[in-house]
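Report on the following structure.
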Protein chains: 2
Amino acid sequence: MKPSRPNLSELARHLGVSIATVSNALSGKGRLSPDLARRIRDAADTLGYVPSQAGRALRTGRSGVLGLVLPDIGNPLYPEIAQEIERVATGAGYGVLIANSRDEIAAQDKAIFQLIERGVDGIVIVPRRGTKVPETRCPIAIIDTPTTPRNTVSADHFAGGAEVAGHLAALGHGRILLIGDDPSSNVQNARINGMRSKLSGVETETIWIVELEARHGKGCALGLADWRKRGFTAFACVSDPHALRALTELQSAGIAIPAEASITGFDNLQWSSFISPPLTTVKMNMPEIATLALDALVEAIQSREASDDTPSPPVTARRAAVPMELVIRRSSGPAPSAGFSQEESPHA
Amino acid sequence: MKPSRPNLSELARHLGVSIATVSNALSGKGRLSPDLARRIRDAADTLGYVPSQAGRALRTGRSGVLGLVLPDIGNPLYPEIAQEIERVATGAGYGVLIANSRDEIAAQDKAIFQLIERGVDGIVIVPRRGTKVPETRCPIAIIDTPTTPRNTVSADHFAGGAEVAGHLAALGHGRILLIGDDPSSNVQNARINGMRSKLSGVETETIWIVELEARHGKGCALGLADWRKRGFTAFACVSDPHALRALTELQSAGIAIPAEASITGFDNLQWSSFISPPLTTVKMNMPEIATLALDALVEAIQSREASDDTPSPPVTARRAAVPMELVIRRSSGPAPSAGFSQEESPHA
DNA sequence: TCGATGTGATTAAACGTTTAATCACATTAG
DNA sequence: CTAATGTGATTAAACGTTTAATCACATCGA
């Protein structure tokens, strides 16, 4: 009638030993005879003992919970991050408390402090583009770009950009349009700069979607058919959704992909392999990034004195930049032959 | 040198009153003089007092944390759910602990019990298609379909299906292909059945993508151009990603959308309004669903005796089915005129 | 004046865990 | 035989909060 949840003292009473002995047996810390230890562990199993997080947290000052701050959970990129963080954290015995900074400037800091008030032991944050992460006594792992000030670990966006650009250059594209969304994003700039680094012999232009939309309204056409007429045969986008936007815009203008134009994206979102043609993209190694970030964070947590009141030093991982992988699919192909695109080439 | 975090006793000592008085002043529960109460609250503010969740949880048996179980955080639909749940929960003073059932059968139950071990006060779950949610003493709000056994609240998928089907029928489409992914999904079946309910005078066929892929491999072509040749002019998909797959497949086969074929989806994912043509889709009212689910869950939590050991009764919301909204964009249009599609019509 | 009632605050216990300090006892060295 | 050492277990305090029970004191009716 009341087997709801046995606690240490109930276990101890049931076995006729002291509470401390039971605690020691289960944690393997104190000194006690091997056979009593086994008996205690067995009893704990059969009685279904599960330690109270609250009691433990109160005593140890550690909650066993990490916070995860994402700029916008609705953004299709972040779920994959969340998924991997959750997986690795669970494996390390931590729970994950989520917080959404809703892409607002103030909300990010508020989210951080709310998590701290809830007693998280550490925080993983993917910062809103270009914002500063406050210094706190709670260790914070930052996932942004390798050049971001207190960055812990991130994908090597620059190298990823270089790789996809090299791919397009090797296909013979002589005019390439780089399509970004927001120039204030560290990640997007790294990707664009990486692409440019491999396109010294190629004519490139860059457009930023937020600027276009500021002039022509949200969801406006990007005018890619015009760029195609001016001889741009490859459209390298900074993220898969933008690549999708470019791809459908060109397709519905009657331009065949990849015969007449190549398109590439970033992030390898779930649907990118199911569309027609499947999208060439650059993939982050999220499992690796999550592992590195959490390893570093957990170490920072453990090496911290509970009474320490100074701000936590930056959390640094064994490796700061994780290589990205180019995934070549059918949305990118050889540049149209000169004869084919002859009359479309610019007069300049 | 040690203002790290004042607690109740430090506050009490600083003010020269007892701990209980401080606690009462901050919670507004006991009896005490209004002016002392104010003095205490002021001091708490200026000293930056923040209550220890651990201490409170230990004493009250309530953690102030809810669990959220999602079948697959990587799925582009769930983030919007997570976002709204997090928003409403935060507003109600709860934190949200995430758990991923990774779309595996066993993982869902494991995730639930892990959350319970972590001491969550309640759980919101979006069940994996067709699975049973275990009965526990911890209240669980279920978001699936109105006909799912212990469902708390959900979108009215059936009515949504009816609406989009009515839209296509009104446009004059006489042959409509319904495209689902997995016939074991409650949600998808409700949407398909809803669509069929409005298409009694229309010829319909249904294909399930998992069955196609079981035969032809993941990411295989859906063969929609063939269906178009057989006179099917509208393709009603059970979710936006499938609509995207259909749209790009038809476009790259040279079929113009919406002139020669109409396409509709479900869920109004972020990119659905940015592609060309923008996608006609059916949108859930996630803010409303999250609010109803959490209101019901919080009430179930509060009406529960801590010592109660019986399984929690089903959590029911004020309203079980929340209407969906048809969002008409340019991917759906009038059925092609008979003259236009004449030679393509079937010989039967 | 005495008991009854009310007000404003305090005392003390309890939640479940961890862990330093201690203890009882046996074994061994000197 | 005594003291030192070691072993295996216990005692007790502490983490920070909530809350029932209690207390000191004043007010009031009779």
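In what follows, chains carry the letters A, B, and so on, assigned in the order in which the sequence lines appear, proteins first and then strands, with residues in each chain numbered from 1.
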Test your reading of the model: is there a side-chain donor-acceptor pair from [X] to the backbone of [Y], 3.5 Å cut-off?
{"X": "Glu84(B)", "Y": "Ile289(B)", "answer": "no"}
{"X": "Thr60(A)", "Y": "Arg56(A)", "answer": "yes"}
{"X": "Asn151(A)", "Y": "Thr145(A)", "answer": "yes"}
{"X": "Ser23(B)", "Y": "Ile19(B)", "answer": "no"}
{"X": "Thr152(B)", "Y": "Thr316(B)", "answer": "no"}
{"X": "Ser101(A)", "Y": "Leu70(A)", "answer": "yes"}
{"X": "Ser154(A)", "Y": "Ala321(A)", "answer": "no"}
{"X": "Arg41(A)", "Y": "Ala25(A)", "answer": "yes"}

Just wondering, are more than 12 heavy atoms of other shown residues or ligands nearer than 6.0 Å to CD in Glu288(B)?
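Yes, because the 6.0 Å sphere around CD of Glu288(B) holds more than 12 heavy atoms from other groups.
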Considering residues, nucleotides and ligands other than Gln114(B), do more than 12 of their heavy atoms fall under 6.0 Å from its CD?
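Counting neighbours around CD of Gln114(B), more than 12 heavy atoms of other residues, nucleotides or ligands fall under 6.0 Å, so yes.
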How close or far is atom [atom2] of [N] from atom [atom1] of [X], stated in whole angstroms?
{"X": "Leu11(B)", "N": "dT18(D)", "atom1": "CG", "atom2": "P", "answer": "12 Å"}
{"X": "Arg62(B)", "N": "dT18(D)", "atom1": "CZ", "atom2": "C1'", "answer": "13 Å"}
{"X": "Ile40(A)", "N": "dT10(D)", "atom1": "CD1", "atom2": "C1'", "answer": "12 Å"}
{"X": "Ile19(B)", "N": "dA20(D)", "atom1": "CD1", "atom2": "C1'", "answer": "16 Å"}
{"X": "Leu8(B)", "N": "dA12(C)", "atom1": "CG", "atom2": "P", "answer": "18 Å"}
{"X": "Glu10(A)", "N": "dT17(C)", "atom1": "CD", "atom2": "C1'", "answer": "15 Å"}
{"X": "Gln53(A)", "N": "dT17(D)", "atom1": "CD", "atom2": "P", "answer": "19 Å"}

Would you write the dot-bracket representation of DNA chain D, where each base gets (, ), [, ], | or . depending on whether it forms a Watson-Crick or G-U pair under 3.5 Å and with which partner?
||||||||||||||||||||||||||||||
Can you name the atoms? Protein N/O to nucleotides 5-9 of chain D N/O, anything below 3.5 Å, with the distance.
unit_1 : atom_1 : unit_2   : atom_2 : d
dG8(D) : N7     : Arg31(A) : NE     : 3.3
dG8(D) : N7     : Arg31(A) : NH2    : 3.1
dG8(D) : O6     : Arg31(A) : NH2    : 2.7
dA9(D) : OP1    : Ser33(A) : OG     : 3.0
dA9(D) : OP2    : Ser33(A) : N      : 2.5
dA9(D) : OP2    : Ser33(A) : OG     : 3.3

Check whether any side-chain nitrogen or oxygen of Lys29(A) sits under 4.0 Å from OP1 or OP2 of dT18(C), and answer yes or no.
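For Lys29(A), the contact criterion (side-chain N or O under 4.0 Å from OP1 or OP2 of dT18(C)) is not met.
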Should Ser52(B) be listed as having a side-chain N or O under 4.0 Å from OP1 or OP2 of dT17(D)?
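Ser52(B) to dT17(D) OP1/OP2: no side-chain N or O under 4.0 Å.
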Please list, pair by pair, any protein nitrogen or oxygen found under 3.5 Å from a nitrogen or oxygen in nucleotides 13-15 of chain C.
unit_1  : atom_1 : unit_2   : atom_2 : d
dA14(C) : N3     : Arg59(B) : NH1    : 3.4
dC15(C) : O2     : Arg59(B) : N      : 3.3

Nearest to the side chain of Pro51(B) - dT11(D), dT17(D), dT19(D)?
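The nucleotide sitting nearest to the side chain is dT17(D).
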Any side-chain heavy-atom pair of Ser63(B) and Gln53(A) under 4.5 Å:
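In short, these two side chains do not touch, never coming nearer than 4.5 Å.
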